[in-house]
Amino acid sequence: MVVATYNAAGLRARLPGVLDWLAENEPDVLGIQETKVVDDIFPMAEFEELGYSVVVNGQKSWNGVALLARGPITSLRRGFQDDLFPEDARIITGEVNGVTIINTYVPNGTALGTDKFEYKLRWLERFAKYLGDNFRPDQPLIWMGDINIAPTDNDVFDPKRHWGKVGFHPDEISRLEKIVNWGLVDLFRMHTEGPGNYTYWEFTIPGSVQRNLGWRIDHIYATKPVAEACIRSWIDKDARSAERPSDHTYVLAKIDI
DNA sequence: ATGGTTGAATGTCAA
């Protein structure tokens, strides 16, 4: 099966492009982040007409995640499902074809020294606990989404300039490493080394796409049983140049199961 | 360089 992740930065603005992309690429699973739409008016029917099951965890104006799959989505969980943590719409979990899929929109962090940066760190710690409490590293599991962290020098343009800034800060990276060390493999990095492979190019930098001034902050991770079956993972950079694009693009992985 | 652009909502925040 082919799984994909996409930060839409407002799904209603992106809807025609996402529908075209789905029809062309036909992934079995798509995790969408930053849908920015409440569940009542989520464009369910448009995706269902393409043959997808749709589950959503949305809120007004900000955040919001959705999970699409060809075939049924079972064992649905919205949020962390407890009262231990502030509940905004950043995580949705479902099971597709025997594989647990967790789709997350990790907090951006905004700026060092702010409550939002501390929230990002706490959210990552909460996610580590969610994994450990609910799942095992020997079961088939995929964690995908906008992780909002560049893990290494190769994952951001001009790493010397950006080191220690939001998105490339040691406190974020250490928390991500703790999550990954639970038993996950970065599927893109399993197949491709080196700099210049990005998933996000800022709107506010003129010519960022053409100059490839980007970040690899959208990731697909998997437990060993899935990673061993992953035969390819790639970034669809062309979609970042489509009409009315998001500032992110699609990341995909093909898994031989 | 503390700007720049975009979406959701329609003033202004978040990214």
Side-chain angles (χ1 to χ4, degrees), chain A residues 5-21 30-44 46-47 56-66 79 85-91 103-124 127 144-151 155-169 171-173 175-176 198-219 237 239-251:
Chain A
T5 179
Y6 180 60
N7 179 319
L11 181 60
R12 284 172 287 173
R14 239 53 84 188
L15 189 58
V18 175
L19 294 171
D20 286 349
W21 188 89
L30 177 66
I32 307 175
Q33 307 88 39
E34 277 204 275
T35 56
K36 298 188 180 186
V37 60
V38 292
D39 295 350
D40 288 351
I41 55 169
F42 188 98
M44 290 277 185
E46 290 87 337
F47 293 112
V56 294
N57 180 19
Q59 68 183 81
K60 187 180 176 183
S61 300
W62 293 299
N63 309 318
V65 286
F85 202 78
E87 192 59 56
D88 55 2
R90 296 180 178 274
I91 176 167
N103 176 30
T104 67
Y105 174 49
V106 175
N108 170 286
T110 307
L112 296 180
T114 64
D115 290 347
K116 289 193 174 73
F117 189 76
E118 294 305 312
Y119 176 62
K120 182 179 194 175
L121 302 181
R122 293 203 327 274
W123 198 98
L124 289 162
F127 181 72
M144 61 166 59
D146 179 355
I147 312 303
N148 260 322
I149 301 169
D155 298 311
V156 58
F157 77 98
D158 199 346
K160 283 181 181 162
R161 174 155 76 87
H162 287 102
W163 175 244
K165 303 279 178 64
V166 174
F168 192 41
H169 188 284
D171 292 349
E172 301 167 301
I173 292 170
R175 282 157 180 81
L176 176 59
Y198 304 131
T199 66
Y200 162 78
W201 299 262
E202 292 174 62
F203 285 133
T204 53
I205 298 176
S208 61
V209 180
Q210 292 76 11
R211 298 157 68 198
N212 203 26
L213 305 178
W215 299 64
R216 194 180 71 90
I217 56 175
D218 301 271
H219 306 161
K237 188 179 177 183
R240 179 62 179 79
S241 299
E243 191 176 347
R244 215 177 172 193
S246 167
D247 43 6
H248 297 249
T249 199
Y250 301 84
V251 183

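Here is how names work: the chains are called A, B, and so on, in the same order as the sequence lines, proteins then strands, and each is numbered from 1.
Listed by first then second residue, pairs satisfying side chain to side chain donor-acceptor pair (under 3.5 Å) with a partner in residues 160-169 of chain A read A/D158-A/R161, not counting sequence neighbours.
Residues forming a side-chain contact (heavy atoms from CB on, under 4.5 Å) with A/N212 (at least two apart in sequence, or on another chain): A/Y198, A/W201, A/K237. Residues meeting the side-chain contact (heavy atoms from CB on, under 4.5 Å) test with A/P245, sequence neighbours left out: A/R240. By the side-chain contact (heavy atoms from CB on, under 4.5 Å) test, A/P16 pairs with no residue at all, sequence neighbours left out.
The separation between A/W123 atom CH2 and B/dA15 atom P is 13 Å, rounded to whole Å. Protein atom CG of A/D88 is 12 Å distant from nucleotide atom C1' of B/dA14, rounded to whole Å. If you measure from atom CG of A/D247 to atom P of B/dA14, you get 17 Å, rounded to the nearest angstrom. In this entry the distance linking NZ of A/K120 with C1' of B/dA15 reads 11 Å, nearest Å. The distance between atom CZ of A/F117 and atom P of B/dA14, rounded to the nearest whole Å, is 17 Å. As rounded to whole Å, 14 Å separates atom C1' of B/dT6 from atom CZ of A/R12. Between the P atom of B/dT5 and the CG atom of A/N7 lies a distance of 20 Å, rounded to the nearest Å. Nucleotide B/dG7 holds its C1' atom 13 Å from the CG atom of A/N63, rounded to whole Å.
Comparing A/L11 and A/N108 by the nucleotide of DNA chain B that holds the closest heavy atom to each, the one mapping nearer the 5' end is A/L11. Two residues, A/I41 and A/K116, neighbour DNA chain B, and the one matched to the more 5' nucleotide by heavy-atom proximity is A/I41.
Among the atoms of the strands shown, only primed sugar atoms or phosphate atoms (P, OP1, OP2) are found under 4.0 Å from some heavy atom of A/T110.
A heavy-atom distance below 4.0 Å to DNA chain B is reached by these residues of residues 200-209 of chain A, ordered by number: A/F203, A/T204.
When the nucleotides B/dC13, B/dT6, B/dA15 are ranked by their closest atom to the side chain of A/W62, B/dC13 comes out on top.
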Would A/V251 and A/M144 count as a side chain to side chain contact (heavy atoms under 4.5 Å, CB included) here? Give the steps.
CA-CA 9 Å; A/V251 183; A/M144 61 166 59; over 6 Å; no
Table please: side-chain donor-acceptor pairs of residues 30-42 of chain A below 3.5 Å, with sequence neighbours left out.
| unit_1 | atom_1 | unit_2 | atom_2 | d |
| --- | --- | --- | --- | --- |
| A/Q33 | OE1 | A/N7 | N | 3.3 |
| A/Q33 | OE1 | A/D146 | N | 3.4 |
| A/Q33 | NE2 | A/T5 | OG1 | 2.9 |
| A/Q33 | NE2 | A/G31 | O | 3.3 |
| A/Q33 | NE2 | A/N103 | OD1 | 2.7 |
| A/E34 | OE1 | A/N7 | ND2 | 3.1 |
| A/E34 | OE1 | A/Y105 | OH | 3.4 |
| A/T35 | OG1 | A/G64 | O | 3.4 |
| A/D39 | OD1 | A/G58 | N | 2.8 |

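For the C1' atoms, the distance linking B/dA15 with B/dG4 amounts to 13 Å, nearest Å. Remark: the separation of the P atoms in B/dT2 and B/dT12 is 24 Å, to the nearest Å. Taking atom P on both B/dG7 and B/dG3, the two are 22 Å apart, rounded to the nearest angstrom.
Phosphate proximity of B/dG7 to A/R244: present, with a side-chain N or O under 4.0 Å from OP1 or OP2.
If you run side-chain hydrogen bond (donor to acceptor under 3.5 Å, both in side chains) between A/T199 and each of A/T249, A/D247, A/D218, only A/D218 comes through.
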